[in-house]
**Student:** 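Below is a structure I'd like to ask you about.
Fair warning: this is a prediction, and the values are worked out from it, not measured in the lab. Note that ligands are numbered from 1 as they come in the structure, with each ligand's atoms numbered from 1 the same way.
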Amino acid sequence: MLWIQNAMIPELNRVDDVLVKDDNIFKIGRESVLSYVKGTKEKVDMIEAEGLYLLPSFVDSHFHLRNPGFAYKQTYGEADVACMKGGYTDVIAMANTKPVADCPEVVQEVLDNAKPLHLDVYQAGSVTKGLLGEELVAFKEMMALTKIFSDDGKNVDNAEVMKKALAKSQELGFLIMDHSEPETEMVIRNIELVKEVGGNLHFCHISRKASVEAIVKAKEMGLHVTFEVTPHHLFSHGLSYRVNPPIATKEDSEYLVEAIKRGYVDYVGTDHAPHSDDDKKKGAPGIINIENAFSMIRKVCFEHNIDWNTMIQLMSVRPATLIDKKRGVQEGNIADLILVSDKETTLLKEELTTRSKNTPYDGQEVRGIVEKTIVKGEIAYDNERA
Ligand SMILES: [Zn+2]
């Protein structure tokens, strides 16, 4: 058992104790924890958490695992370590692997390889075979393994193909995660398609004010559309580092923050995209994000008076529903938890654990450190021991 003492629990708005037994949050509240611990002979490990915040662990709606095919950018093991360090216990892995995750065999291969990890990998299928934007995958057959499909990395250019995919998502109940490029133009086109044929559509890494406005309007019409924002689009503007969609203007990034405040944003997705130095030199778009996402988001929240619970919703509770998981510091929930500090800190490239180091944020001042990551009741990462 794990006895977490004196943790600030934002969801309960108080400092309290939590007892984790097996893989569950067993008791919350000093009195009930004390009385249980007194009466048991089971081994109890204590964590003094004074000054730390206890949150449900993060779930990434947008992650590039890079396997199969690109282990030279990141291995399964490295992804696991990086996610634990970042406080992420679950990720939705995009389908732009080699081979593409466009058939049950590839999805199954990833799930099998990810099984020994602390990290829970939810593998998305692609929308079209080989990400070529032409022939749809066998959705029904693949739905035994996944109910999320995405051609992320590429736009589905052909409107007829997208329309058919959306109609299928309506019929079968799966979700399409869309990489819209050029962003606002494609967001608007795809909303029109949803109006026409229905469907469940999620917009990845939204970065522009005009895109948000279009999506909010579509939501108000009752369409099944959602969107995520990334740490880098919230955190930066006017930065020339290559990422897709590009880092936007100050007005755009300020509007994304405003959109969080107004409750428009559904999820934070990291778009964690490891690349080798060589690939980066050749122009590969992407930032390695998973280890730093919390510190970046916490800084944005702190500076803009966005409370802990809003952040918890965006990074944990809501994205968890995409993969049918329940998150929150509540008795009976699975003990997927993190303890974080709220200290100022500096991002250092040399401290990244994955072999790829593609970040523009070396030396950036940020806020908050993941001190411990607990997966199903076991400590999977401990900053003190790291
Ligand atoms: Zn994308």
**Student:** Tell me which N, O or S atom of His179 sits nearest to the Zn ion (ligand 1).
**Tutor:**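 The Zn ion (ligand 1) is closest to the His179 atom ND1, counting only N, O or S.
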**Student:** Testing the 3.5 Å rule here: is there a donor-acceptor pair between the side chains of His272 and Asp60?
**Tutor:**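 Not at all, the side chains of His272 and Asp60 share no donor-acceptor pair under 3.5 Å.
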**Student:** Report the atom name of the nearest N/O/S atom of Asp152 relative to the Zn ion (ligand 1).
**Tutor:**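 Looking only at N, O and S atoms of Asp152, the one nearest the Zn ion (ligand 1) is named OD1.
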**Student:** Counting backbone and side-chain atoms alike, does His205 have an N/O/S atom under 2.8 Å from the Zn ion (ligand 1)?
**Tutor:**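 Looking at His205, which is the residue asked about, there is an N, O or S atom under 2.8 Å from the Zn ion (ligand 1).
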**Student:** I'd like to know whether CD of Gln330 has more than 12 heavy-atom contacts from other residues, nucleotides or ligands below 6.0 angstrom.
**Tutor:**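 Count over threshold, so yes.
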**Student:** Just how far is it from atom OG1 of Thr353 to atom NZ of Lys85, taken to the nearest 0.5 Å?
**Tutor:**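 Output value for this atom pair is 5.5 Å.
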**Student:** Evaluate salt bridge (Lys or Arg N to Asp or Glu O under 4.0 Å) for Asp16 paired with Arg30, printing each intermediate quantity in order.
**Tutor:** CA-CA 6 Å; Asp16 218 330; Arg30 166 144 286 214; 5.7 Å; no
